[in-house]
Amino acid sequence: CAGMMAHNLGMPVSQFIASVNINDVVTRFMKSGEYTPRPSVATISNAMDVGDPSNFSRIMSLYGSTWNMIKEDIIGYSYNDKDTIDTINRIKQIENYILDPHAAVAYLACEEYIKENNKECVILETAHPAKFSEVVNNATSENIDIPKRLTLFLLKNTTALHCSENYQDFK
């Protein structure tokens, strides 16, 4: 959504790719024009486990809620956990690079997009593979090194405070 906003402000982008796991509400919308939210399904790329994406209404607003306009700029691909694991392992073997599960889903979409369109693709991704060490370790049959800063973060205590639903109490 942020990329689409930047595009509306003049950033030169010819195509956006919605790359998701099996929680493919947006991918199905891109193909059919029907938006049908549903409960999310747990996957190894858990940040994508969304059955009703919060940014979707913003995207609709950017495009005047017109499916024909949206599908001009966005295409969608979805992949299952097996595809994701296989990609993490394949890229580790070929490139000696470790993808986290979300980057693997994006990588798959880029590969498919390049094959179909003969155009370049850029992945915007932020997670470190160590955050998903169990998945990555299983996919690569290796133990991933956890950066010192992440280790220190994971050792911190977490605190949760229950708040009243009343705004004045919260304030």
Side-chain angles (χ1 to χ4, degrees), residues 1-7 11-13 15-30 37-59 74-117 119-163 165 170:
C1 184
M4 290 170 203
M5 289 176 176
H7 176 64
M11 182 179 76
V13 174
Q15 186 75 65
F16 286 98
I17 300 171
S19 178
V20 298
N21 58 27
I22 61 171
N23 293 288
D24 61 351
V25 171
V26 173
T27 304
R28 287 184 292 117
F29 170 79
M30 297 316 305
R38 62 182 187 195
S40 63
V41 176
T43 71
I44 60 171
S45 48
N46 58 0
M48 297 177 176
D49 293 349
V50 180
D52 188 7
S54 60
N55 272 338
F56 190 76
S57 62
R58 293 179 187 99
I59 292 168
I74 309 169
I75 58 173
Y77 300 98
S78 63
Y79 303 96
N80 62 34
D81 282 353
K82 182 183 181 324
D83 295 332
T84 304
I85 290 169
D86 290 349
T87 301
I88 293 169
N89 186 40
R90 177 171 54 93
I91 298 307
K92 172 65 171 120
Q93 296 300 316
I94 295 170
E95 303 291 340
N96 197 32
Y97 185 84
I98 300 173
L99 298 169
D100 75 83
H102 306 85
V105 171
Y107 190 91
L108 280 163
C110 269
E111 282 185 319
E112 197 165 339
Y113 177 77
I114 291 167
K115 186 177 179 180
E116 291 173 356
N117 299 282
K119 293 183 179 180
E120 294 181 338
C121 183
V122 174
I123 297 172
L124 302 177
E125 205 270 333
T126 60
H128 191 284
K131 187 175 176 185
F132 308 94
S133 59
E134 184 177 327
V135 171
V136 172
N137 291 348
N138 288 336
T140 62
S141 300
E142 297 179 23
N143 286 330
I144 188 169
D145 293 329
I146 300 176
K148 183 178 179 180
R149 288 177 60 184
L150 181 56
T151 300
L152 293 173
F153 175 78
L154 293 173
L155 292 173
K156 290 185 176 192
N157 292 327
T158 59
T159 304
L161 302 173
H162 291 283
C163 298
E165 292 178 9
F170 172 75

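Given the structure is predicted, the values throughout are model-derived calculations rather than measurements.
- Side-chain atoms of I75 and M30, non-hydrogen and from C-beta on, never get closer than 4.5 Å to each other.
- Taking 4.5 Å as the limit, every side-chain heavy atom of V136 sits out of range of all side-chain heavy atoms of K92.
- Partners of C121 by disulfide (SG to SG under 2.5 Å), not counting sequence neighbours, listed by chain and number: C110.
- The pair D86-R90 fails the salt-bridge criterion, with no side-chain N (NZ, NE, NH1 or NH2) lying under 4.0 Å from an Asp/Glu carboxylate O.
- The distance from the CZ atom of F132 to the CD1 atom of I98 is 14.0 Å, given to the nearest 0.5 Å.
- Annotation for D145: atom CG does not count as buried by contact number, only 12 or fewer foreign heavy atoms lying within 6.0 Å.
- Nearest heavy-atom pair across S19 and A109 is OG-CB, 3.3 Å.
- Inter-residue side-chain proximity for M48 and I22 is flagged as unmet; no heavy-atom pair is nearer than 4.5 Å.
- Side-chain contact between I88 and T140: present, with at least one pair of heavy atoms (C-beta onward) separated by less than 4.5 Å.
- In this structure, D24 contributes its side chain and Y77 its backbone to no donor-acceptor pair below 3.5 Å.
- At a threshold of 4.5 Å between non-hydrogen side-chain atoms, the residues H128 and R149 do not count as touching.
- Note that CZ of F153 and NZ of K131 are 8.0 Å apart. Values are rounded to the nearest 0.5 Å.
- Environment of CD in E120: sparse, with no more than 12 heavy atoms of neighbouring residues, nucleotides or ligands closer than 6.0 Å.
- Atom CZ of F16 is separated from atom CD1 of I74 by 7.5 Å, given to the nearest 0.5 angstrom.
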Steps toward side-chain hydrogen bond (donor to acceptor under 3.5 Å, both in side chains) verdict (N21, D81) | CA-CA 7 Å; N21 58 27; D81 282 353; 5.8 Å; no

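- The side-chain heavy atoms of V26 and I59, taken from C-beta on, include no pair separated by under 4.5 Å.
- By the salt bridge (charged side-chain N to carboxylate O under 4.0 Å, His left out) test, R58 pairs with no residue at all, sequence neighbours left out.
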